[in-house]
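For the numbers below, each heavy atom of this structure counts, side chains included, while hydrogens, waters and symmetry mates do not. It should be emphasised that the depicted structure is a prediction, and the values quoted were computed from it without experimental measurement. Nothing fancy with the numbering, it's 1 onward along the sequence.
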Amino acid sequence: MERINSKLYLENCYIMQENERLRKKAELLNQENQALLTELKQRLSQTQATHNSNKNSSTNKQGPNSIPDLNLCSTSSNTNASKSTKKK
């Protein structure tokens, strides 16, 4: 019985280490995604400003706010999921 507990304990430790590694990787990807989204919004706003000044009209109604922020829902669910796994 003690051997089974030791084996399960080691397996659990491995899973927690892997979970932490994946959490860090996800955080880095999230930061990269935010940086790319910011860059895209800036480029779109510059393009729109250039387009409007060249054409001197406002026929293009799309602006930098037309890109949805995909990380608004995912960060809160990831935080709650990580808290529940740490308690166990």
Seminar exercise, completed: Sequence neighbours excluded, the answer for side chain to side chain donor-acceptor pair (under 3.5 Å) partners of E11 is none

Could you give the distance from [atom1] ([X]) to [atom2] ([Y]), rounded to the nearest 0.5 Å?
X: N5; Y: E2; atom1: CG; atom2: CD; answer: 7.5 Å
X: I15; Y: Q17; atom1: CD1; atom2: CD; answer: 11.0 Å
X: S45; Y: L40; atom1: OG; atom2: CG; answer: 9.5 Å
X: L37; Y: Q42; atom1: CG; atom2: CD; answer: 10.0 Å
X: S6; Y: M1; atom1: OG; atom2: CE; answer: 11.5 Å

For this session: Using a strict 4.0 Å threshold on nitrogen-to-oxygen distance, state whether K24 and E27 make a salt bridge.
Result: no

Problem set entry | Check: L36 and E39 side chains under 4.5 Å, non-hydrogen atoms |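 Result yes, sub-4.5 Å side-chain heavy-atom pair found.
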
Problem set entry | Side chain proximity check, L28 to Q31, heavy atoms < 4.5 angstrom |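 A side-chain contact under 4.5 Å exists here.
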
